[in-house]
There are 2 protein chains.
Amino acid sequence: MAGLATPMAGHADVPEVIWARPERTGRGPRPAFTRADIADAAVRIADAQGLGAVTMRHVAAELGCGTMSLYNYVPRKEDLYELMVDAVGAEHELWEPAGDWRADMLRVARQTRALMYRHPWVPALMSPVYGFSPHALRYLEHCLACLDSFDGTYGTKFELIAMVNGVVTTYVGNELATAERVRALPWSEEQENAVRGAYLGSQVASGAYPRMAAAFMEDAGPIDLEAVFRRALDRVLDGFDPSR
Amino acid sequence: MAGLATPMAGHADVPEVIWARPERTGRGPRPAFTRADIADAAVRIADAQGLGAVTMRHVAAELGCGTMSLYNYVPRKEDLYELMVDAVGAEHELWEPAGDWRADMLRVARQTRALMYRHPWVPALMSPVYGFSPHALRYLEHCLACLDSFDGTYGTKFELIAMVNGVVTTYVGNELATAERVRALPWSEEQENAVRGAYLGSQVASGAYPRMAAAFMEDAGPIDLEAVFRRALDRVLDGFDPSR
DNA sequence: AGCGCATTACGTACGCTGTACGTAACTAGG
DNA sequence: CCTAGTTACGTACAGCGTACGTAATGCGCT
């Protein structure tokens, strides 16, 4: 009556880690695809048409199979997302750390940022990340290797890694969301900026926000996103650096 | 033929900031609700049943009106989200900064954290935040007031505020997501931890991740989420503090 | 005073989603 | 060889955001 008798049923009544599930059990027809095939198809769609286009129907069509066949490989859509994140995790190039943890963590961050630019949907899927996929484990181990030269407990090291990942996800997520919003506007960027600027200006001019008004007076110049990102990381690393 | 002749049509073909739109134009029947009524109804639903229960149909039912009537007040669902975030922004209690920017920013962060615990759906809506709602402006101005004692340009102050908000959102978002996941499990938390732990243990025991293995050996003790949060903020503020 | 029209209200309908369920074809283990 | 467990997939359902059409409403202008 319980999950014992139905080993590979669509939805189990017992916890399951997708990475622990074997791809093939032996009985039954030979599966037409591997999990990697499915992940790749989903990644292709997300890269080309955005995360919103990743539906069970589209992925199935991309693979050339029926929609419901996907559920033999992936119990819920959430798991498909996990497959996607793990798949692009393979793109992380690891190296032999040379003993400078600050430089290494910065390099990790920049590489992750580049990866997110290649796959702009990644930040949106990073919040509900809870599993330890194979490539996530590989990535974590590499970060720990980078921190061999860091003087602290593993607890602190994990906090440092979490902080760097969090900042990268947040910053790049914002950068990409802004770019995406501009791309999807049904009108021109100039019109958008004009309307929003007019509203903001009218609010600030009301006198209710004197410091905001002063801030707008300050000579800003164009924003260099990469420099902002770099500064943010430097500061975060400063916060963990006892020698500073 | 263009948006000029249809001043209050459902969807404009010209940019629009919802906060600049007047609640009442004069002509036509008196609206049955204010924007605040709608925001409150949506917030009530989100608090009680989660963000997923915030649908146009449910909000309309909560207000006691037809589904499509909502679109007279809110052009798209995304704007409803913006109303919600602004509505809870009213809960921020502001104070007169006394000249210690570190203490004040920490207090801001702790207050925001408490607000997010009261409204666990807030972090999920913070990523696509782009508008400057009335309460967001009020909040920003207050942060700037807290930073009067901070020696730096407004540019740097905005970077500091963005960093603090980002860290708060990320950390509290993770805390809440974990709690929510546990709450929604179709099986017990012990079962879940046992299965995930077994998988993780088997991976680590494979020898492929020696540092992860060492980390598991380290005596950890229970995790104090509030202490982790506090440490993260201290470190971030350290990174901006020239006196340290 | 009363006409005209912008606005509100809302029922209906469409295309889309995730996925439960039933059935037929297939294949490895006993 | 038989049979149990698996794969494949068509059908179906509930729910979503929202476009559109129609009826009722009441302010502003003549």
Side-chain angles (χ1 to χ4, degrees), chain A residues 3-13 16 21-35 37-38 42 45-46 49-83 128 184 186, chain B residues 3-13 16 21-35 37-38 42 45-46 49-83 128 184 186:
Chain A
L4 293 167
T6 43
M8 276 231 159
H11 50 295
D13 48 3
E16 188 186 21
R21 177 204 274 217
E23 290 225 33
R24 178 125 172 77
T25 41
R27 290 290 240 287
R30 178 160 283 103
F33 315 105
T34 64
R35 267 201 288 258
D37 289 335
I38 292 172
I45 293 174
Q49 303 168 249
L51 189 58
V54 176
T55 67
M56 299 305 268
R57 278 172 241 262
H58 284 166
V59 174
E62 173 85 14
L63 287 166
C65 71
T67 305
M68 294 313 290
S69 307
L70 275 188
Y71 284 92
N72 288 316
Y73 303 87
V74 171
R76 283 157 312 148
K77 199 191 178 194
E78 195 179 283
D79 295 297
L80 178 59
Y81 287 150
E82 207 162 337
L83 289 188
Chain B
L4 291 168
T6 43
M8 276 232 158
H11 51 291
D13 49 3
E16 188 187 20
R21 176 204 275 217
E23 289 225 30
R24 178 123 174 76
T25 42
R27 287 290 238 292
R30 177 161 283 104
F33 315 104
T34 64
R35 266 200 290 256
D37 290 333
I38 293 172
I45 293 174
Q49 304 167 249
L51 189 58
V54 177
T55 68
M56 300 306 267
R57 279 170 241 260
H58 284 167
V59 174
E62 173 86 13
L63 287 166
C65 73
T67 305
M68 294 314 289
S69 307
L70 275 188
Y71 284 92
N72 288 317
Y73 303 87
V74 171
R76 285 156 311 149
K77 201 193 177 190
E78 194 180 282
D79 295 295
L80 178 60
Y81 287 149
E82 208 162 335
L83 289 189

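Letters go in sequence order (proteins before strands), and every chain restarts at 1.
- Counting non-hydrogen atoms under 4.0 angstrom, B:Tyr73 reaches the backbone sugars and phosphates but no base.
- Expressed to the nearest 0.5 Å, how far CG of B:Leu80 lies from OG1 of B:Thr55 amounts to 9.5 Å.
- For the pair A:Asn72 CG and D:dG10 P, the interatomic distance rounds to 13 Å; values are reported in whole Å.
- Using a 4.0 Å heavy-atom distance criterion, A:Thr55 is classed as a sugar-phosphate-only contact.
- Distance check: A:Glu62 CD to A:Ile45 CD1 gives 4.5 Å after rounding to the nearest 0.5 Å.
- OP1 and OP2 of C:dC21 both lie 4.0 Å or more from every side-chain N or O belonging to A:Tyr71.
- Here the C1' atom of nucleotide C:dT8 and the CG atom of B:Leu63 are 15 Å apart, to the nearest Å.
- Residues A:Val59 and A:Leu63 have side chains in contact (heavy-atom distance under 4.5 Å, counting atoms from C-beta outward).
- Atoms CG (A:Leu70) and C1' (D:dG10) sit 15 Å apart, rounded to a whole Å.
- Nearest nucleotide to the side chain of A:Arg27, out of C:dA25, C:dG29, C:dG18: C:dG29.
- For B:Leu80 and D:dC16, the CG to P distance is 13 Å, given to the nearest whole Å.
- Closest approach to the B:Ser69 side chain among D:dT7, C:dA9, D:dC16 is made by C:dA9 (side chain taken as heavy atoms from C-beta onward).
- For B:Tyr73 (side chain) and B:Ile38 (main-chain N/O), no donor-acceptor pair under 3.5 Å exists by modelled atom type.
- For A:Pro29, counting side-chain heavy atoms from C-beta on, the closest listed nucleotide (C:dA28, D:dA8, C:dA25) is C:dA25.
- For A:Lys77, the side-chain atoms get nearest to C:dG18 when compared with the rest of C:dG18, C:dT8, D:dG17.
- The distance between atom CZ of B:Arg30 and atom P of D:dG28, rounded to the nearest whole Å, is 10 Å.
- Atom CE of B:Met56 and atom C1' of C:dT17 are 18 Å apart (whole Å).
- Residue whose closest nucleotide on DNA chain D sits further toward the 5' end, between B:Ala53 and B:Gly28: B:Ala53.
- The side chain of B:Met68 lies closest to C:dC10 when the candidates are C:dT7, C:dC10, D:dT6.
- Atoms OH (A:Tyr81) and C1' (C:dG18) sit 10 Å apart, rounded to a whole Å.
- Of all heavy-atom pairs between A:Met56 and A:Lys77, the closest is SD-CG, 3.9 Å.
- For A:Arg57 and C:dG18, a side-chain-to-base donor-acceptor distance below 3.5 Å is present, hydrogens and geometry of angles not being considered.
- Across all strands shown, B:Ala60 has no heavy atoms under 4.0 Å from either base or sugar-phosphate atoms.
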